[in-house]
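Take a look at the structure set out below.
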Amino acid sequence: DTWSVLSSGNLNSITSEFQKSHNTFIFNDKDRNEESVYIQALRENGETAEKERKEAQDAGKPIQSVTSRVSPNNNTEKPQQDSAATVYGTTIDFVTRRFFKNFADIESEVLKDETINEDSKSEEIKSRIKESIKEGFKNKKIPNLSEDNLDNIINQLMDVVEELNRRHQYGYKIYTDVPYLIGHFRDTAIDSQNKDVSIGGQIDLLVEDNNTGNLHIIDIKTSKKTNESELVNPQYKAQLLLYKALIEQNSGGKVTEMSL
């Protein structure tokens with residue numbers, strides 16, 4: 001299995017010729033409208049997980065989260081819902097999801113528009129995505145980003161698109177609405193008493209390769225650190241491995257890549 005950091009500045013650039021010849025998320029209508037058995041299974045198990053989570057909460061025994069499992073201190077630290085870092089993280093999460101949710105349709109519209117010069121299409125895609133994100137802010141109780149910050153984030157996400165194009169050269173689907181899932185484990189590595197353990201979590205983005213059907217988990221992180229080696233830490237890796245276990249147990253598919 002592969003895990004990596006999809007961060008701007010650490011990605012190999014893709015040639016403009018490759019960009020023009022490869023449509024990122026654009027497939028025929030059948031491919032775009034039909035979900036694989038893996039995604040269908042995730043949605044069905046997600047409904048069951050929500051019921052199980054509610055029952056556990058009502059019984060006063062909430063399901064342990066992935067983040068608390070890999071960060072023991074999370075259980076004792078005071079919540080910081082109003083901290084600047086938390087608010088910023090929520091905003092970045094929204095921008096990233098909105099970007100990938102709308103990218104395919106916007107790219108398709110621009111690429112089919114013969115009135116737009118070929119050399120200008122990349123900038124036109126970014127401009128339309130930016131407007132769709134700004135439109136989304138109107139219905140969200142989260143702070144807007146400055147124009148410069150938003151432009152910077154969009155440019156970084158475009159770099160991620162290029163990297164995903166490289167990794168999934170026969171096309172892929174990306175899901176921004178993967179449901180909350182619960183995994184049931186019996187493993188001494190997870191619980192020293194060797195009892196059944198239930199762990200719940202919700203991943204940020206899931207990529208499904210059109211050719212192999214393999215799955216690729218992407219976890220969104222906000223950090224002041226810009227060096228890739230600083231971002232690669234045991235806690236993040238443990239979190240991704242638990243997400244991998246959740247996805248594989250609930251989908252029947254195989255996760256072959258995990259990225260931050």
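Keep in mind the model is a prediction, meaning the values are calculated, not measured. Residues: numbered from 1 along the sequence shown.
- Counting only distance, with no hydrogens or angles, the side chain of Asn149 and the backbone of Leu145 share no donor-acceptor pair below 3.5 Å.
- By the 4.5 Å heavy-atom criterion applied to side chains, Lys130 and Asp151 are counted as neighbours.
- You'll find the side chain of Phe137 reaches within 4.5 Å of the side chain of Val95, heavy atoms only.
- Between Phe185 and Gln249 the shortest side-chain heavy-atom distance falls below 4.5 Å.
- A distance-only check finds no donor-acceptor pair linking the side chain of Glu47 to the backbone of Glu44 [under 3.5 Å].
- Of the N and O atoms on the side chains of Thr115 and Asp113, at least one donor lies less than 3.5 Å from an acceptor on the other residue.
- Atoms CD1 and OG, on Ile63 and Ser198 in that order, are 5.0 Å from each other to the nearest 0.5 Å.
- In the hydrophobic cluster analysis, where Ile, Leu, Val, Met, Phe, Trp and Tyr join through side-chain heavy atoms closer than 4.5 angstrom, Leu164 is grouped together with Ile106.
- Glu135 has a carboxylate O that lies under 4.0 Å from a charged side-chain N of Lys138, or vice versa, which qualifies the two as a salt bridge.
- Residues Glu147 and Lys134 are in side-chain contact: their nearest non-hydrogen atoms beyond the backbone lie under 4.5 Å apart.
- Taking every heavy atom of both residues into account, Gly253 and Ser251 meet most closely at N-OG, 2.9 Å.
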task = Go through the steps for Val255 and Asn214 under the test side-chain contact (heavy atoms from CB on, under 4.5 Å), then give the verdict.
result = CA-CA 6 Å; Val255 175; Asn214 291 335; over 6 Å; no

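- When each of Arg43, Arg98, Arg97, Lys101 is tested with Asp177 by the rule salt bridge (charged side-chain N to carboxylate O under 4.0 Å, His left out), just one qualifies, namely Arg43.
- By the 4.0 Å N-to-carboxylate-O rule, Glu163 lies close enough to Arg167 to be salt-bridged with it.
- The distance from the CD atom of Glu109 to the CG atom of Asn102 is 9.5 Å, given to the nearest 0.5 Å.
- Ile203 and Ile39 end up in the same hydrophobic cluster when Ile, Leu, Val, Met, Phe, Trp and Tyr side chains are linked at under 4.5 Å.
- For the residue pair Ser259 and His216, a side-chain donor N or O sits within less than 3.5 Å of a side-chain acceptor on the partner.
- Salt bridge annotation for Lys121-Asp119: absent, with no cationic side-chain nitrogen under 4.0 angstrom from a carboxylate oxygen.
- Between Ile220 and Asp204, the shortest heavy-atom distance links the atoms N-OD2, 2.7 Å.
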inquiry  = Assess the residue pair Tyr38 and Lys254 against the criterion (side-chain contact (heavy atoms from CB on, under 4.5 Å)); give the C-alpha distance rounded to whole Å, side-chain angles, the decisive distance to 0.1 Å, and a yes or no.
reply    = CA-CA 9 Å; Tyr38 305 133; Lys254 182 172 178 57; over 6 Å; no

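- Between Phe100 and Leu205, the closest side-chain pair of non-hydrogen atoms falls below 4.5 Å.
- Panel note: side chain Asp219, backbone Leu260; no donor-acceptor pair is recorded below 3.5 Å.
- Neither Leu240 nor Tyr180 shares a network with the other; the hydrophobic side chains, linked directly or stepwise wherever heavy atoms of I, L, V, M, F, W or Y lie under 4.5 Å apart, form separate groups for each.
- Salt bridge annotation for Glu124-Arg128: present, with a cationic side-chain nitrogen under 4.0 angstrom from a carboxylate oxygen.
- Counting only heavy atoms from C-beta outward, the side chains of Glu50 and Pro179 never approach each other to under 4.5 Å.
- With hydrogens and angles disregarded, a donor-acceptor distance shorter than 3.5 Å links the side chain of Asn45 to the backbone of Ala41.
- Grouping the Ile, Leu, Val, Met, Phe, Trp and Tyr side chains by contacts below 4.5 angstrom, directly or via other members, places Tyr243 with Val178.
- No side-chain N or O of Thr67 forms a donor-acceptor pair with one of Gln239 less than 3.5 Å apart.
- Atom OG1 in Thr96 sits 10.0 Å away from atom CD1 in Ile154 (nearest 0.5 Å).
- Taken from OG in Ser65 to CD1 in Ile182, the straight-line distance is 11.5 Å, to the nearest 0.5 Å.
- Atoms CD1 and CD, on Ile92 and Gln156 in that order, are 8.5 Å from each other to the nearest 0.5 Å.
- Across all their heavy atoms, Val161 and Phe103 have their closest contact at CG1-CZ, 4.1 Å.
- Side chains of Thr256 and Leu215 form no contact here, defined as non-hydrogen atoms less than 4.5 Å apart.
- Grouping the Ile, Leu, Val, Met, Phe, Trp and Tyr side chains by contacts below 4.5 angstrom, directly or via other members, places Val70 with Leu181.
- Side-chain contact between Glu257 and Ile217 is absent, with no heavy atoms from C-beta onward closer than 4.5 Å.
- For the 3.5 Å distance criterion, the side chains of Asn211 and Tyr172 fail to qualify, holding no donor opposite an acceptor.
- A donor-acceptor contact shorter than 3.5 Å links the side chain of Ser132 to the backbone of Ile129.
- Rounding to the nearest 0.5 Å places CG of Leu150 at 11.0 Å from OG1 of Thr91.
- For the pair Lys244 and Glu248, the salt-bridge criterion is met [side-chain N within less than 4.0 Å of a carboxylate O].
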